[in-house]
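Here the structure comes first, spelled out in structure tokens, and everything after it is commentary.
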Amino acid sequence: MTQNAEAKLTWLNEVLGVGKDDESEEELQQKGFFESIGEMVSGAVDTVVKLVSGPEPTEEQKKLNAKVDTLEKLGLDTKRLKSDGVDQAKKLEAAAKITDEAERKAAIDLVNKRIEELEQHAAALEAAAKSVMGSTKGAPNATQKAAIYKKALEDHYGLAIQIPSGMSNTHMDRVYDMMGTVPKGQAKHDKLDKLEYIDTNDYKGSGAYGGTTIKMGDFGDASGMENYTVDGKTLPANSFDVTTLHELGHALDSKEGIMAAHMSKTGCGGWKTESKDSTIDALVAFFKKKVKVSDKMTEAMVRSAIDSALGGAIPAAPDGAEEADWDKVRDFLGDYPMKIRSGYSPWFKEPVDVDGRAYIQSYSTRWNSYSVAARAPTLVNKYQWRAPGEWFAEVYAISWLKKTKPPAAVDKAVAEYMWKP
Ligand SMILES: [Zn+2]
């Protein structure tokens, strides 16, 4: 890259957040930044795609750039696609610097393949736009836009899409952007074939994955934001986009069995599958170690009290129990089993440390524990600590959304599925 190009890229990084990992496009948009200088950004990003790839863009880059131009002429938003193009241009530049010829060629081929995927992602959108718009001139209206992205999602990613009648705020353009931002093999596979929208209150602002279906709730205008953390740095994330990626993460995990294979590693949270019984065993052992009671408070009494508390009820003192003993048991029940129940949403609270492990009733019949020491180094947010699958989905989502490496402590094998420089 020439010095001038370098300076220009630095300027873009600083002023626009283009191609930078820690600046949020959403945040800038919220400030109305892009609206005022939208045209300028658009031109500048095109220039960067060319600049960072050296004097001559590859054939793949030329095709991608041409598709981006076409989509813009059709009145479609290309911001994410362009940022994906810039990302690949940077990777191409890095690949070109590899000294070993065979390695260099292999690396360049790999990046060009990915650029080709982006070009096909764009081409499918163009084809859908032409099919929906026919001979209609001008930019698509909201209804036409939804139809375009629905068709592109069906045709290019093989999704069957179900939308409740009257639900218009589906943001399928953003789903399409997110599916394009990850490698195609992570978006289109046999564990994902349906996108179902739900407009009921219980799904407001949330998503889910099960079977081979992603469910997306009503996110309103999809401008809501939430904070993630990577290696201590706060990353604001658009809730709709990050949720879409989160559900894509679940589908990928289901396909590849990622957490099934790696969850017990410290770099994955040190998870262990538990049952209600094994959780009770751990709590009884911890009680015996931590709390001194008289012989009148038998282990069976403690066990039964913990069992009740995990079910959400602090029982009455058992017959024959000393009041002083029972006070201690009741305090323990309030501090430990009561705070593990799923009804308490323990994942949104601080971990309940039981001899170095945090036990969680993840769902009504599913119990897990994780290593408290493994939490801080691999933490991206609180919800990550509900279950092994959520751990993966949250790390995956923020990594791809912000095009940032997962926390440094995340296991290498698992980080392979995430964004890499
Ligand atoms: Zn989830």
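Remember, it's a predicted structure, so these values are computed and weren't measured experimentally.
- With respect to K82 and E72, a salt bridge is recorded, a charged nitrogen being found less than 4.0 Å from a carboxylate O.
- Annotation: ring pair (Phe, Tyr, Trp, His ring centres under 6.0 Å) contacts of H250 (sequence neighbours excluded): H246.
- If you look at Y359 and W367, their ring centroids are not closer than 6.0 Å.
- In the model, E226 has a side-chain atom that pairs as donor or acceptor with a side-chain atom of S239 under 3.5 Å.
- A donor and an acceptor atom, one from each side chain of T99 and R104, are nowhere located under 3.5 Å apart.
- Side chain of E274 to backbone of N368: no donor-acceptor contact under 3.5 angstrom is found.
- A side-chain donor-acceptor contact under 3.5 Å links Q186 to the backbone of Y417.
- Taking a cutoff of 4.0 Å between a charged side-chain nitrogen and a carboxylate oxygen, K63 and E59 do not qualify as a salt bridge.
- A donor-acceptor contact under 3.5 angstrom links the side chains of N112 and T58, judged on distance only.
- Looking only at atom types and distance, the side chain of S275 has no donor-acceptor partner in the side chain of D277 under 3.5 Å away.
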Output, in order, the C-alpha distance, side-chain angles, deciding distance and verdict of side chain to side chain contact (heavy atoms under 4.5 Å, CB included) for I280 and L310. CA-CA 8 Å; I280 294 172; L310 285 177; 3.5 Å; yes
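- Judged purely by atom type and a 3.5 angstrom limit, Y176 uses its side chain to pair as donor or acceptor with the backbone of H121.
- Counted by atom type alone, S369 and R357 present one or more donor-acceptor pairs between their side chains at under 3.5 Å.
- When only modelled atom types and interatomic distance are considered, N169 and D218 share a side-chain donor-acceptor pair under 3.5 Å.
- Using the six-membered ring where Trp is involved, F240 and F219 have ring planes that are perpendicular, over 60° apart on the 30 and 60° scheme.
- Between K405 and D231, no side-chain nitrogen of the basic residue sits less than 4.0 Å from a carboxylate oxygen of the acidic one, so the salt-bridge criterion is not met.
- Comment: D307 does not engage R303 in a salt bridge, judged by the lack of any side-chain N to carboxylate O separation of less than 4.0 angstrom.
- Residue Y336 forms a ring-ring contact (aromatic ring centres under 6.0 Å, His included) with just one option from F287, Y344, F286, and that option is F286.
- Side-chain contact check for K150 and T170: no donor-acceptor pair (N or O, by modelled atom type) lies under 3.5 Å.
- Atom CD in Q162 sits 4.0 Å away from atom NZ in K194 (nearest 0.5 Å).
- Evaluation of the salt bridge (Lys or Arg N to Asp or Glu O under 4.0 Å) rule for R375 yields no partner, not counting sequence neighbours.
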